[in-house]
Asker: 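After the structure tokens below, expect a handful of questions from me.
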Amino acid sequence: MRGFLASSTGVTCAAALALPLAPPAAAATSSTPPATSPTARSEAHAPGGTQSLRLAPLARDRAPGTAEQGLRRQDVRQFSLVGVVWDSPATELHGRVEVRTRATATGTWSGWQELETHNADHAADPGTPESASGRVRGATAPLWVGESDGVEVRVRASDAPGTARSGPAAAPLPTGLRLELVDPGEAAPPPTNRARSEAEPSVLPARTARPARAARQRAEPHAGARPAITTRRGWGADEKLREKGFVYTKKVKTAFVHHSATGNNYRCSQAPSVIRSIYRYHVNSTGWRDLGYNFLVDKCGNIYEGRAGGVSKPVLGAHTLGFNANSMGIAVLGTYSSKKPSSAALKAIARLTAWKVGLYGMNPRGKTYLKSGGGNLYRKGRKVRLNVISGHRDGFATNCPGKQLYAKLGTARSKAAAYQGR
């Protein structure tokens, strides 16, 4: 869930370590953000739950914030996605986070896999009600591992970039480190009787743009046809998890493209489960009001509705810290630091942006200005010139959306403009 700039391992759009000396706190399930007290969560479990395991120090120094923490290899209830969270979102984790998991189907253990440390680059803008709720936590990017029932984790701190060592030990880790194990659960059953006819459809079908008269076409902004979009009902969102109500901005001037940094080991048939897991991680583990992205795209080119509020409306997301207002976030499921995105995913980005930014008169090959809400590249209040289709790294110092996906955004801009008839 590394790139350049913000930390020794980078920050994301997501050390050689030792084993704990004592067993961790008991696993627990909850639909609320991780507790900071040492009391274990309830042992009750239902499909779609989150197990939260407190990490233990690995060295003799067992004080909070010690530079090595982790968990022994152990049996847990079934999960498919893993991440690490900590108390304060303002505290960066400088170091390396690695996990091993045991596949439920085969009983075999994976090799060590690294989680991107995801230092605040996806988040609500500073000073907004969502960021100031008191429930938000620091977090790594989540990693999709498939159905698993065993886990081991190790974390080692490193010095923060630009700092000098004052002693033999690295900078301490954040306090309150917990391992989050997410079970996506099953998709909601289809509605019955009267509710069936009133319910949101599972998929919004593609809508062909109406042919316009030449004079009218010159007078009105270009807009692409709406592509097919799998709705929240279609991917099985549990609407009881998110906050009630919706928050909107004025328009959509920029589309920020991300990679989810959850890895590429998923089948497209599993994409709804991956999205349900990310949704639970964003809300229950990280403490956001809803899924952070406005849309998601899988490697087969399927498009999914993200944060609730209406696919055609300017819904305020939590995807690009400092630039969530008047923008939208599109996450391509996978990690594209070294792997190239599929042509189907690029085509989906182009079709989606041609339609959505076209609703607000924006040219996908053009540039626009957004006012920064504050971040590690631009101070709060600064007007920043950005591409209408930008990468996450254009607004925040991060590797996201990965080197390979970022390199293809020019192709996405050209295709989107063509879909608008430009």
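Since we're looking at a predicted model, the values are computed, not measured.
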Asker: How many angstroms lie between CG in Leu370 and OG in Ser390, if you round to the nearest 0.5 Å?
Answerer: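 Answer rounded to 0.5 Å: 8.0 Å.
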Asker: Check the pair Arg102, Asp149 against salt bridge (charged side-chain N to carboxylate O under 4.0 Å, His left out), reporting the backbone distance first and the verdict last.
Answerer: CA-CA 6 Å; Arg102 184 180 62 203; Asp149 58 9; 2.8 Å; yes
Asker: Checking salt bridge (charged side-chain N to carboxylate O under 4.0 Å, His left out) for the pair Glu239/Arg232: CA distance, chi angles, key distance, verdict?
Answerer: CA-CA 9 Å; Glu239 301 297 357; Arg232 289 172 64 90; 2.9 Å; yes
Asker: Distance from Thr106 atom OG1 to Glu147 atom CD, nearest 0.5 Å?
Answerer: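 Separation between the atoms: 11.5 Å.
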Asker: Is NZ or CZ of Arg137 both nearer than 6.0 Å to the six-membered ring centre of Trp86 and within 45° of the ring axis?
Answerer: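 No, Arg137 does not sit over the ring of Trp86.
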Asker: Of all heavy-atom pairs between Val85 and Tyr281, which one has the smallest distance, and what is that distance?
Answerer: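 Closest pair (atom of Val85, atom of Tyr281, distance): CG1-OH, 3.9 Å.
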Asker: Please evaluate residues Thr368 and Met362 with respect to the criterion side-chain contact (heavy atoms from CB on, under 4.5 Å), reporting the C-alpha separation (whole Å), side-chain torsions for both, the decisive distance (0.1 Å), and the verdict.
Answerer: CA-CA 9 Å; Thr368 189; Met362 303 304 296; 3.7 Å; yes
Asker: Counting C-beta onward and ignoring hydrogens, is there a side-chain heavy-atom pair between Leu241 and Asn284 closer than 4.5 Å?
Answerer: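 In short, these two side chains touch, coming nearer than 4.5 Å.
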Asker: Checking side-chain polar atoms at under 3.5 Å, does Tyr279 have a donor or acceptor matched by the opposite partner on Asp238?
Answerer: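 Short answer, no.
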Asker: Nearest 0.5 Å, what's the CG-CG distance between Leu177 and Leu53?
Answerer: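 Between Leu177 CG and Leu53 CG, I get 12.5 Å after rounding to 0.5 Å.
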Asker: Under a 3.5 Å cutoff, is there a donor and acceptor pairing between the side chains of Ser337 and Thr335?
Answerer: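 Per modelled atom types, Ser337 and Thr335 side chains form no pair under 3.5 Å.
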Asker: For Thr101 and Val151, indicate whether the former's side chain and the latter's backbone hold a donor-acceptor pair under 3.5 Å.
Answerer: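 Between the backbone of Val151 and the side chain of Thr101 there is no qualifying donor-acceptor contact (under 3.5 Å).
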Asker: Regarding Lys250 and Asn326, do their side chains bring together a donor and an acceptor under 3.5 Å, going by distance alone?
Answerer: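 Short answer, no.
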Asker: Measuring only between side-chain heavy atoms, which start at C-beta, is Thr353 closer than 4.5 Å to Trp355?
Answerer: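 Heavy-atom side-chain distance check fails, nothing below 4.5 Å.
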Asker: Could you state the interatomic distance from OG (Ser148) to CZ (Phe79), rounded to the nearest 0.5 Å?
Answerer: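 Answer for the OG-CZ pair, Ser148 versus Phe79, is 4.5 Å.
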Asker: Between Glu180 and Ser52, do the side chains contain a donor N or O and an acceptor N or O under 3.5 Å apart?
Answerer: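 Judged by distance alone, the side chains do pair up.
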Asker: If we ignore hydrogens and angles and just use 3.5 Å, is the side chain of Asn294 paired with the main-chain N or O of Gly329 as donor and acceptor?
Answerer: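 Flag set: sc Asn294 to bb Gly329 pair under 3.5 Å.
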Asker: Is it the case that atom NZ in Lys299 sees more than 12 heavy atoms from other parts of the structure closer than 6.0 Å?
Answerer: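 Count over threshold, so yes.
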Asker: Between the side chain of Arg351 and the main-chain N/O of Pro227, is any donor-acceptor distance below 3.5 Å?
Answerer: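 Checked: no pair found.
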Asker: Quick one, Tyr406 with Asp394, criterion side-chain hydrogen bond (donor to acceptor under 3.5 Å, both in side chains). Give me CA distance, side-chain angles, the key distance, then yes/no.
Answerer: CA-CA 10 Å; Tyr406 188 78; Asp394 295 323; 2.6 Å; yes
Asker: Any heavy-atom pair between the side chains of Thr231 and Val203 that's under 4.5 Å?
Answerer: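 Sidechains of Thr231 and Val203: no contact.
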Asker: Looking at Arg207 and Ala225, what are the two nearest heavy atoms and their distance?
Answerer: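 Minimum heavy-atom contact is O-CB, 2.9 Å.
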Asker: Do Thr320 and His258 make a side-chain contact, defined as non-hydrogen atoms from C-beta onward lying under 4.5 Å apart?
Answerer: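 Answer yes - side chains close enough.
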Asker: Looking only at heavy atoms, which two atoms of Ile229 and Arg226 are closest? And how far apart?
Answerer: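 Of all heavy-atom pairs spanning Ile229 and Arg226, the closest is CD1-CG, 4.3 Å.
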Asker: Looking just at side-chain N and O atoms, do Thr398 and Arg393 make a donor-acceptor pair shorter than 3.5 Å?
Answerer: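 There is no such pair (donor and acceptor under 3.5 Å, judged by atom type) between the side chains of Thr398 and Arg393.
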Asker: Would Val315 and Val247 count as a side-chain contact (heavy atoms from CB on, under 4.5 Å) if you check the C-alpha gap in whole Å, the side-chain angles of each, and the deciding distance to 0.1 Å?
Answerer: CA-CA 6 Å; Val315 179; Val247 180; over 6 Å; no
Asker: Does this structure show an ion pair linking Arg96 with Glu98, if we count only N-O contacts that are shorter than 4.0 Å?
Answerer: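 Looking at Glu98 together with Arg96, the answer is yes, because their closest N to O distance falls below 4.0 Å.
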Asker: Does atom CG of Asn265 have more than 12 heavy-atom neighbours, drawn from other residues, nucleotides or ligands, at distances under 6.0 Å?
Answerer: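 12 or below, so no.
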Asker: Taking distance alone, no hydrogens or angles, what donor-acceptor pairs closer than 3.5 Å link side-chain atoms of residues 123-131 to residues at least two apart or in another chain?
Answerer:
from	atom 1	to	atom 2	distance (Å)
Asp125	OD1	Gly322	N	2.6
Asp125	OD1	Phe323	N	3.4
Asp125	OD1	Asn324	ND2	2.8
Asp125	OD2	Asn324	N	3.4
Thr128	OG1	Asp125	O	2.7
Thr128	OG1	Ser131	N	3.4
Thr128	OG1	Ser131	OG	3.3
Glu130	OE1	Arg307	NH1	3.0
Glu130	OE2	Arg289	N	3.1
Glu130	OE2	Arg307	NH2	3.0
Ser131	OG	Asp125	O	3.1
Ser131	OG	Gly127	N	3.3
Ser131	OG	Thr128	N	3.2
Ser131	OG	Thr128	O	3.0

Asker: Will you find, in the side chains of Thr175 and Asp87, an N or O donor that is under 3.5 Å from an N or O acceptor?
Answerer: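 The answer is yes; a qualifying pair exists.
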Asker: Which heavy-atom pair separates Pro172 from Ala157 by the least distance, and what is that distance?
Answerer: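 Heavy atoms only, the tightest pair is C-CB, 4.4 Å.
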Asker: Which pair of non-hydrogen atoms, one from Leu81 and one from Pro142, has the smallest distance, and what is that distance?
Answerer: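 So the minimum-distance heavy-atom pair works out to CD2-CB, 3.4 Å.
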Asker: Could you tell me whether the side chains of Arg276 and Ser273 share a donor-acceptor contact shorter than 3.5 Å?
Answerer: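 Distance-only check passes for Arg276 and Ser273.
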Asker: Passes side-chain contact (heavy atoms from CB on, under 4.5 Å), Thr50 versus Leu181? Steps please.
Answerer: CA-CA 6 Å; Thr50 300; Leu181 305 175; over 6 Å; no
Asker: Let me confirm one number: the NE2-CG distance from His319 to Leu316, rounded to the nearest 0.5 Å.
Answerer: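 The NE2 atom of His319 sits 7.5 Å away from the CG atom of Leu316.
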Asker: Checking side-chain hydrogen bond (donor to acceptor under 3.5 Å, both in side chains) for the pair Ser202/Arg233: CA distance, chi angles, key distance, verdict?
Answerer: CA-CA 5 Å; Ser202 296; Arg233 177 173 174 263; 3.0 Å; yes
Asker: Quick one, Val283 and Leu291 - any side-chain contact, counting heavy atoms below 4.5 Å?
Answerer: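 In short, these two side chains do not touch, never coming nearer than 4.5 Å.
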Asker: Let's go through Val332 and Tyr293 carefully: what are the C-alpha distance in whole Å and the side-chain angles of both, what is the deciding distance for side-chain contact (heavy atoms from CB on, under 4.5 Å) to 0.1 Å, and is it a yes or a no?
Answerer: CA-CA 10 Å; Val332 182; Tyr293 308 114; over 6 Å; no
Asker: Taking it one step at a time, do Tyr266 and Asp298 satisfy side-chain hydrogen bond (donor to acceptor under 3.5 Å, both in side chains)?
Answerer: CA-CA 9 Å; Tyr266 72 92; Asp298 67 27; 5.4 Å; no
Asker: With sequence neighbours left out, what residues match Trp144 under ring-ring contact (aromatic ring centres under 6.0 Å, His included)?
Answerer: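 Listed in chain order: nothing, the list is empty.
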Asker: Does His259 reach the main-chain N or O of Tyr336 with its side chain, forming a donor-acceptor pair under 3.5 Å?
Answerer: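 Yes, because the side chain of His259 sits within donor-acceptor range (under 3.5 Å) of the backbone of Tyr336.
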Asker: Between the main-chain N or O of Tyr369 and the side-chain N or O of Lys253, is there a donor-acceptor pair closer than 3.5 Å?
Answerer: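 Yes, the answer is positive, given that a donor and an acceptor are paired below the 3.5 Å cut-off.
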Asker: Any idea which heavy atoms bring Gly301 and Ala348 closest together, and the distance?
Answerer: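 Minimum heavy-atom separation between Gly301 and Ala348: O-CB, 3.4 Å.
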Asker: Could you tell me whether a side-chain N or O of Tyr378 sits under 3.5 Å from a main-chain N or O of Phe396, the two making a donor and an acceptor?
Answerer: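 No, Tyr378 side chain to Phe396 backbone: no donor-acceptor pair under 3.5 Å.
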Asker: To the nearest 0.5 Å, what is the distance between OG on Ser327 and CD1 on Ile330?
Answerer: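 Rounded to the nearest 0.5 Å, the OG-CD1 separation comes to 10.0 Å.
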Asker: Checking Lys356 side chain against Lys313 main chain: does a donor-acceptor pair fall under 3.5 Å?
Answerer: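 Here the side-chain-to-backbone pair exists.
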Asker: Among residues at least two apart in sequence or on other chains, which ones pass ring-ring contact (aromatic ring centres under 6.0 Å, His included) with Trp288?
Answerer: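 Trp288: ring-ring contact (aromatic ring centres under 6.0 Å, His included) contacts with His282.
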